[in-house]
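Data block below; observations after.
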Amino acid sequence: MRLFRLALVVPIALSALALMPSSASAQTQLSIGQPKLGPLGASVSVPLTFTCARSLNVAFGDVSVTQASGHKLAQGSGFFVNDFPGVPCTGVSETVTVQVSAFGTFAFKKTNKALASAELFVFDPVSGNLSSTSITGQAVTITK
């Protein structure tokens with residue numbers, strides 16, 4: 001009976017542990033700035049501002065933008081990558097601008113509301129862990 005209880009408790013404890021945020025993601029803050037319209041609306045430049053602990057390295061990040069205009073939907077995505085093991089975090093606010101290219105047949109438009117999502121991945125060289133911090137569906141206004 002004791003072995004049976006242990007067989008039930010261990011998987012539950014392990015799955016709860018897997019859902020816990022890592023200390024690296026708890027040490028990272030992320031925000032999405034206002035996108036700027038690129039030529040012909042084929043892209044938008046999206047500033048990502050982040051702060052992470054000095055013990056971590058910025059590995060890579062991605063951004064997606066979706067904008068409805070009438071019955072049209074403009075969508076795009078972009079990313080940045082730093083060579084392994086990443087760029088050391090400074091411990092203060094830093095900004096990287098990600099170029100988000102539209103895919104499909106519709107272009108982004110100025111001043112129309114849009115939704116942006118972003119994810120930033122940091123690498124902990126001591127533990128060897130890669131963790132992420134994300135924002136999903138943030139309302140933004142595309143400017144020129």
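Crowding of F79 atom CZ: a count of heavy atoms from other residues, nucleotides or ligands under 6.0 Å not exceeding 12.
Listed here is the closest heavy atom pair of I142 and Q67: CD1-NE2, 3.5 Å. For the residue pair A102 and F108, the shortest heavy atom distance occurs at CB-CE1, 3.6 Å. The two residues L130 and A59 have their closest heavy-atom pair at CD1-CB, 4.0 Å. Between A118 and V63, the closest heavy-atom pair is CB-CG2, 4.1 Å. Closest of all the heavy-atom pairs between C89 and E94 is CA-OE2, 3.9 Å. The minimum heavy-atom distance linking C52 with T28 is given by the pair CB-OG1, 3.7 Å.
There is a side-chain donor-acceptor pair under 3.5 Å between T141 and K113. Using modelled atom types and a 3.5 Å distance limit, the side chains of T49 and T95 yield a donor-acceptor pair.
F123 pairs with exactly one of N57, L56, N129 by the side-chain contact (heavy atoms from CB on, under 4.5 Å) rule, that one being N57. Put simply, the residue from Q75, H71, K72 that forms a side-chain contact (heavy atoms from CB on, under 4.5 Å) with F106 is K72.
Hydrophobic clustering of Ile, Leu, Val, Met, Phe, Trp and Tyr side chains at less than 4.5 Å, counting indirect connections, unites V98 with I135. L40 and V44 sit in two unconnected hydrophobic clusters of ILVMFWY residues. Membership requires side-chain heavy atoms under 4.5 Å apart, directly or through other members. Taking hydrophobic clusters as Ile, Leu, Val, Met, Phe, Trp and Tyr residues chained together by side-chain heavy-atom distances below 4.5 Å, V46 shares a cluster with V140.
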Report task. Could you give me the CA-CA distance, side-chain angles and deciding distance for L120 and V58, then say whether side chain to side chain contact (heavy atoms under 4.5 Å, CB included) is met? Result -> CA-CA 8 Å; L120 179 74; V58 177; 3.9 Å; yes
Query raised in the report: For Q99 and S45, what are the C-alpha separation, side-chain angles and deciding distance, and is it a side chain to side chain contact (heavy atoms under 4.5 Å, CB included)?
Result: CA-CA 5 Å; Q99 192 73 14; S45 298; 2.9 Å; yes
Requested in this report: Evaluate side chain to side chain contact (heavy atoms under 4.5 Å, CB included) for L37 paired with T143, printing each intermediate quantity in order.
Outcome: CA-CA 6 Å; L37 190 64; T143 61; over 6 Å; no
Requested in this report: Take D62 and F121 through the side chain to side chain contact (heavy atoms under 4.5 Å, CB included) test and state the conclusion after the steps.
Outcome: CA-CA 9 Å; D62 60 76; F121 291 83; 3.9 Å; yes
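Side-chain contact between L48 and I32 is present, with at least one heavy-atom pair separated by less than 4.5 Å.
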